[in-house]
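Okay, structure first, notes after.
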Amino acid sequence: FPFFFGMMFGDMGHGSILALFALYVIMFAKRLQSPQMKWVLKARYLLFIMGIMSTWAGLIYNEFFAMPTNLFGSCYNYN
């Protein structure tokens with residue numbers, strides 16, 4: 001199982017791409033049967049949940065592709 005899918009962080013952009021990729025694999029699993037895609041098919045539900053949780057954490061952290069967003073405002077005053 002490649003290590004780069006295991007590195008999850010809170011980012012709305014990264015999480016949404018990961019979730020959409022996993023959703024595509026879930027929907028078209030029968031067509032994607034090949035030895036090269038074997039590990040992806042085994043981990044498709046895990047990748048989907050990781051994408052959803054990364055999107056959620058990015059929403060909480062206000063991060064979209066490492067660019068800060070100000071969706072909820074802040075309770076801190078910066079001078």
Side-chain angles (χ1 to χ4, degrees):
F1 192 80
F3 69 92
F4 51 85
F5 279 118
M7 297 187 314
M8 191 183 99
F9 49 90
D11 192 323
M12 288 184 282
H14 172 263
S16 60
I17 287 177
L18 183 60
L20 289 174
F21 170 73
L23 187 62
Y24 176 80
V25 173
I26 289 169
M27 291 175 64
F28 299 107
K30 297 285 185 197
R31 286 192 213 169
L32 298 173
Q33 296 288 333
S34 70
Q36 292 84 11
M37 293 291 288
K38 186 178 180 180
W39 67 270
V40 176
L41 291 172
K42 285 182 179 180
R44 63 186 182 254
Y45 298 111
L46 175 66
L47 293 174
F48 182 68
I49 295 299
M50 284 174 58
I52 295 295
M53 291 298 116
S54 179
T55 304
W56 174 254
L59 183 67
I60 293 170
Y61 294 150
N62 287 328
E63 290 277 330
F64 186 80
F65 286 121
M67 292 184 296
T69 58
N70 192 9
L71 297 176
F72 307 114
S74 176
C75 64
Y76 300 105
N77 292 325
Y78 297 107
N79 293 331

Given V40, which of M37, K38, K42 fulfils the side-chain contact (heavy atoms from CB on, under 4.5 Å) condition? M37
L71 and M12: CA distance, side-chain angles, deciding distance, side-chain contact (heavy atoms from CB on, under 4.5 Å) verdict: CA-CA 12 Å; L71 297 176; M12 288 184 282; 4.1 Å; yes
Heavy-atom closest contact (A19 atom, F48 atom, distance): O-CD1, 3.5 Å
For residues L20 and L18: do they belong to one hydrophobic cluster (side chain heavy atoms under 4.5 Å, members Ile, Leu, Val, Met, Phe, Trp, Tyr)? no
To the nearest 0.5 Å, what is the distance between CG on L23 and CG on L47? 12.0 Å
Would you find more than 12 non-hydrogen atoms of other residues, nucleotides or ligands less than 6.0 Å from F65 atom CZ? yes
Which atom of G15 lies closest to which atom of T55, heavy atoms considered: C-OG1, 3.0 Å
How many angstroms lie between OG in S34 and CG in L41, if you round to the nearest 0.5 Å? 7.5 Å
Between R31 and F28 (side chain of the first, backbone of the second, donor and acceptor by atom type, cut-off under 3.5 Å), is there such a pair? no
If you look at every heavy atom in P68 and A66, which pair is closest and at what distance? CD-O, 3.8 Å
Could you check whether any side-chain N or O of E63 sits under 3.5 Å from a backbone N or O of L59, counting only pairs where one atom can act as donor and the other as acceptor? no
Distance-minimising heavy-atom pair for G10 and A57: CA-CB, 3.7 Å
Same cluster (ILVMFWY, side-chain, under 4.5 Å), L32 and W39: yes
